[in-house]
Every structure is written in C-alpha cells, then in structure tokens.
Novice: 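Below is one structure. I have some questions about it.
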Number of protein chains: 2
Amino acid sequence: MTQNPANQSTDKEPVEQTKPEVSTNKRGLERRKKLLEVAEKHFFSFGYAGTSVNEIVKEAGGSLNTLYRYFGNKLGLFEAVFKLKTDELFTPFAHMDFWQDDIETNLFRFGECLQRVTSTPDGIAIYRLVVTENNFEQSEIQRIFYQLGPQTGIRILGDYLQRMKDKGKLDLEDPYLAASQFIEMIKGPFLYPRLFGETIEEQQLHQALKQAIHIFLNGCLQK
Amino acid sequence: MTQNPANQSTDKEPVEQTKPEVSTNKRGLERRKKLLEVAEKHFFSFGYAGTSVNEIVKEAGGSLNTLYRYFGNKLGLFEAVFKLKTDELFTPFAHMDFWQDDIETNLFRFGECLQRVTSTPDGIAIYRLVVTENNFEQSEIQRIFYQLGPQTGIRILGDYLQRMKDKGKLDLEDPYLAASQFIEMIKGPFLYPRLFGETIEEQQLHQALKQAIHIFLNGCLQK
DNA sequence: AAATAAATGTAGTGACAATTACACTTTTAT
DNA sequence: ATAAAAGTGTAATTGTCACTACATTTATTT
C-alpha cells in the first residue's frame, strides 16, 4: 500500500527490534513530548499519509534515530499520538454524571456535552483521522476510537434510557438503539458539513438539540 | 503531499497538455471502458493512495500513454470513476416518488429506499472513498457526492415535511433539519460499524426504521 | 572522573510510483 | 492504398519517503 521498506522482518520470532523503548528521565521525556506535539500538529493537519517523519524531526529537533527508538516506526508514532488525544477527549465525558434531574433536562445536559466534545477542533481532527487514514486495512486505531467514543456514549445514554423504560416512564422497544438514534439526531446533521470544511454555528447546534429532544421525548414519553 | 512530479507546469498559460481527450469511436471507447472498470475495482479495494496507475494498466491492457491521454492524470481517472459511480448510485433515488400514501407509509418507503442505497456495496465503497481520500485538501469530489447524495435526500424529504407542516399535519419547527434528523436516525447508527468492517443484518435495518418512524411520527404528529 | 548509555546530525539506501519518452504497430479517414 | 491519427509496450526519469548506519557529542551513573 504505502511504502514500507523496513518490513523485511521474516516473521519467525516475536520481532524485538521494533519494541518501542521508554526513556526514563529528563531530556528523553522532553524530547518525547516535543516529538509527540509536533507529530500531532502534522497528523492533524495533513493526515497520516501526508506527514513526513523527516519533517517532524526537522521541526521538533532531535534525531530520527531517537524517534525510531521511542516509537518503533511511523505507525507507532501515530498510535501514540492518537491514543493520547483520544483519551484526552473522551475520558472526561465518560466520567460525567448527567442524570440528576428530570428526563428533559438530563437529555439536554447530555446532548450539550456530547455536542461540545464532537465540536472541538481536536474532536473533529481525531474523527477525520480515524475515518480518513488506515481505513483500508483493519487497525487498532479504529477499535480504540470506537470503544472510547461512540460506543461509550451509546452505553451511557442507553443505560439511562433502559432505567427509564424499566420505571415505566419511557415507551421504547430498544433503548440502546434509541440512544444511538438520539445521538445521531444531534450530531449526524453536522457530519458532512464538518468533513467538508464548513463551520457550524453554536445556534445551529442548539436548535438541533432542542428539536431532537422535542421529537424524541414527545415520541416515546409514556402517557 | 503525495508524489506528483509532473507539476512542473509553470502556471502561465491555461495549460493545454492536461486536457483529457475524448476518444470518439470503437476501440478507444472499449479501452476507456475497460480502464474505468479496472480502475474502479482498484480504487474501491485499495483507496486512492493505495492504487497504482501502473497496476491498472497492467491489468486492463492497453498502455499508460492511452490512460494519460484520456484522463490527464491519476486524479482525473479517479474523478471519472467517481462521478460515474455516484450518478449510478444516486440518480435513481433522486427520481423516485415516495409520496403517494399516508405519512407513515411514505416515511417507510423513503426510509427503506435510502437504507437500500446506502447499504449497497458500491454505496459503502463510495462513501469510504469520499471520506477517506482527498480529504485534507478540498476537492470537487466531495462537493459532487454531497450534492448528489446527502443533500438530495434532505431536500426530497424536507420538501415533503414542509408540505405536511403547511397542511397542519405535522408540528415541526424546521422541516429540513427534521428531515436530516430522521435520515440520521435510520442510517447513523450503522455508520461506524460499517466503516469498521461489520456487516449489518437486514433485520437491524428494519428495526431501526420501525423505531425511528415510531418516535418521529409520535413526536411531531399534530394532535 | 571514568565508564556507560542515550541523543544528535548527517548522509545514505532501497522501494515505490507517477509521469514522460520513444520507437513501433494498428486503425481510421481521404 | 496511403497518410494521419490513435494505440501499444517498454524503459527511463524523477521525486518522495520510510527507515538505517555511523561517527560524534552529551548526559547519567557508579
């Protein structure tokens, strides 16, 4: 696919030369951090195929040798950046408690938070990367993103809807599907525009959320 | 970004060497068709960056020279394939008449048709291509796809919802936003699974459609 | 402070792939 | 049938990159 002349590794043994080392102290840690920073900038701006490892090193200082010792290869560097940013983006969301008031308020709070996460420049950049790169060969990247992002959102909201259903407050056949559908109502309409470079106004997000809640609640509230 | 050694064209004159020629008769047309066929296969399987022009010619027969005369360059070939397949996929959908019965039946018919279009292997492949390739630089590809696909769907359903609103049958603030939200409810939940290689069962599609209609109609039907 | 380990900088290497050149053959139109 | 146009096959050109090698400098540890 892409050029990868280093894969002469005749797959016999577990291949230890690719083991990314971890620098323990001081200078090494700074270099590592700087490399990650610059790499992030490049990957976010130009995509995986579009960034050159040489460029990163040229900009970050340090040496190719160091980069390869730390991250093994280009994909290793990418994965490191990706995991870091994905955690940064989704972890706070996953630990938030949305369910303290009435259903409408709760949906509103959840929706606003989700919209905020997916609207952030980093959120958009990560999404583009996940969808855009390494996509014709199955990679771990996708799994990580999917589990930490979309799947977590569906689980959190789905659990809540399930409870409301059990209490007889909502009339829903499949609460987890419903969760996914609600989520799509509030972020789906902006997917293409975002991918295609348009910027979304705060007010549009708000309107989508308002209308989604109106339709959704009206649609499944037990009377 | 990608390698493109041919762009030595000092931009002075309108550059006529890149003008893709159109073969008028017989053998040329067949070659062209064969090239497009093989190119489609490769682009659909390996993505833009992942396919090699040389490979295409090797498999399709004919000569590099011919390919370049017809399509100008790799991107030209890609665009040709892309337009062809996008038209093929969306044009029938755009000319269908969904609105002959009651609202629920109409939504059902529309939804089923839309799900069919987006579930087809070509539909998925095209979507992947649009999202996956040529995405860090704005390209015409995206515009074509967006207009012919998503935007058309929203317009068709949105027009209908608007009419229903005007007749006082539906209670909706923004019918076009609502259209987009309905569409997302029935295809959004399958986006990631599809991108990540899962196959979707007929029955899942059906359930999503059923529940979406239930929530949506219940949610905005004028009582 | 000496020995050991890590980091640097520069300069390769090897592959791959888009595009062009060219000499030659086949088709098509006059 | 014959000249012009289009098509073919092969090989060369040119760039770009990931990745490696190595000789040298800097930091860390005992």
Side-chain angles (χ1 to χ4, degrees), chain A residues 1-9 15-35 38-39 42-43 46-79 133-134, chain B residues 1-9 15-35 38-39 42-43 46-79 133-134:
Chain A
M1 213 113 301
T2 335
Q3 50 212 134
N4 193 4
N7 275 2
Q8 317 129 325
S9 52
V15 190
E16 51 208 301
Q17 81 251 33
T18 316
K19 167 187 64 187
E21 291 171 33
V22 193
S23 161
T24 47
N25 345 11
K26 264 199 168 172
R27 189 172 53 154
L29 285 175
E30 276 172 34
R31 267 272 147 272
R32 198 187 139 89
K33 202 175 130 210
K34 183 72 179 168
L35 281 169
V38 176
H42 281 235
F43 284 134
F46 310 119
Y48 182 79
T51 66
S52 147
V53 180
N54 294 298
E55 280 301 319
I56 291 176
V57 170
K58 205 180 288 173
E59 192 176 324
S63 107
L64 261 180
N65 211 322
T66 312
L67 188 152
Y68 275 87
R69 194 146 25 72
Y70 283 168
F71 301 105
N73 55 23
K74 188 185 181 182
L75 188 61
L77 176 60
F78 180 75
E79 288 184 349
E133 309 289 336
N134 294 94
Chain B
M1 214 108 305
T2 335
Q3 48 213 133
N4 193 4
N7 274 2
Q8 318 129 323
S9 52
V15 191
E16 50 208 300
Q17 83 251 32
T18 315
K19 166 187 63 185
E21 291 172 32
V22 193
S23 161
T24 46
N25 344 11
K26 261 197 175 177
R27 188 172 54 155
L29 285 175
E30 273 172 37
R31 268 272 149 273
R32 198 186 140 91
K33 202 175 131 209
K34 183 73 180 167
L35 281 169
V38 177
H42 281 235
F43 284 134
F46 311 118
Y48 182 78
T51 68
S52 147
V53 179
N54 293 299
E55 280 301 318
I56 291 176
V57 169
K58 205 180 289 173
E59 192 176 322
S63 109
L64 264 177
N65 210 322
T66 312
L67 188 152
Y68 276 86
R69 194 145 24 73
Y70 282 168
F71 302 105
N73 55 21
K74 190 185 180 182
L75 188 60
L77 175 60
F78 180 74
E79 288 184 350
E133 310 289 338
N134 293 96

Novice: Verify the contact: side-chain N or O of A:R31 to OP1 or OP2 of C:dA6, cut-off strictly under 4.0 Å; return yes or no.
Specialist: no
Novice: Counting only side-chain nitrogens and oxygens, does B:Y70 get under 4.0 Å of the OP1 or OP2 atom of D:dA6?
Specialist: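 So the side-chain polar atoms of B:Y70 never come under 4.0 Å of the phosphate oxygens OP1 or OP2 of D:dA6.
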Novice: Tell me the interatomic distance from A:Y48, atom OH, to D:dC17, atom P, rounded to whole angstroms.
Specialist: 13 Å
Novice: If you assign A:N65 and B:S52 each to the DNA chain C nucleotide with the nearest heavy atom, which residue ends up on the more 5' nucleotide?
Specialist: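 Between the two, 5'-proximity favours A:N65.
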Novice: I want to verify a distance call: between D:dC19, D:dA11, C:dA18, whose nearest atom is closest to the A:N73 side chain?
Specialist: D:dC19
Novice: Could you grab the distance from atom CG of A:L77 to atom OG1 of A:T51, nearest 0.5 Å is fine?
Specialist: 8.0 Å
Novice: The side chain of B:N54 is closest to which nucleotide in this list: D:dT8, D:dC17, C:dT19?
Specialist: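 From the listed options, C:dT19 comes nearest.
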Novice: Could you tell me how far apart A:I56 (CD1) and D:dC17 (C1') are, to the nearest whole angstrom?
Specialist: 12 Å
Novice: Provide, to the nearest angstrom, the distance between the CG atom belonging to B:L67 and the C1' atom belonging to D:dA6.
Specialist: 15 Å
Novice: Indicate yes or no: does B:E30 engage B:K33 in a salt bridge with an N to O separation below 4.0 Å.
Specialist: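 A salt bridge is absent here (no side-chain N lies under 4.0 Å from a carboxylate O).
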Novice: What's the NZ-P distance between A:K74 and D:dC19, to the nearest Å?
Specialist: 8 Å
Novice: In whole angstrom, give the distance that lies between atom CZ of B:R32 and atom P of D:dG7.
Specialist: 11 Å
Novice: Would you mind reading off the distance between A:L64 atom CG and C:dT13 atom P, rounded to a whole angstrom?
Specialist: 16 Å
Novice: Could you give the NZ-to-C1' distance, from A:K34 to C:dA7, as a whole number of Å?
Specialist: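 From A:K34 NZ to C:dA7 C1': 17 Å.
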Novice: For the residue pair B:F78 and B:F43, categorise the inter-ring angle as parallel (less than 30°), tilted (30 to 60°) or perpendicular (more than 60°).
Specialist: perpendicular
Novice: Respond yes when some side-chain nitrogen or oxygen of B:T66 is under 4.0 Å from OP1 or OP2 of D:dT8, and no when none is.
Specialist: yes
Novice: Could you tell me the separation between the CG atom of B:L29 and the P atom of C:dT27, rounded to a whole number of Å?
Specialist: 16 Å
Novice: Between A:Y70 and A:L35 (side chain of the first, backbone of the second, donor and acceptor by atom type, cut-off under 3.5 Å), is there such a pair?
Specialist: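 Checking the backbone N and O of A:L35 against the side chain of A:Y70, no donor-acceptor pair under 3.5 Å is found.
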Novice: Side-chain N or O of A:R69 versus OP1/OP2 of C:dA7: is the shortest distance under 4.0 Å?
Specialist: yes
Novice: May I ask you to decide if A:S52's main-chain N or O and A:K74's side chain share a donor-acceptor pair within less than 3.5 Å?
Specialist: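 Side chain of A:K74 to backbone of A:S52: no pair is present.
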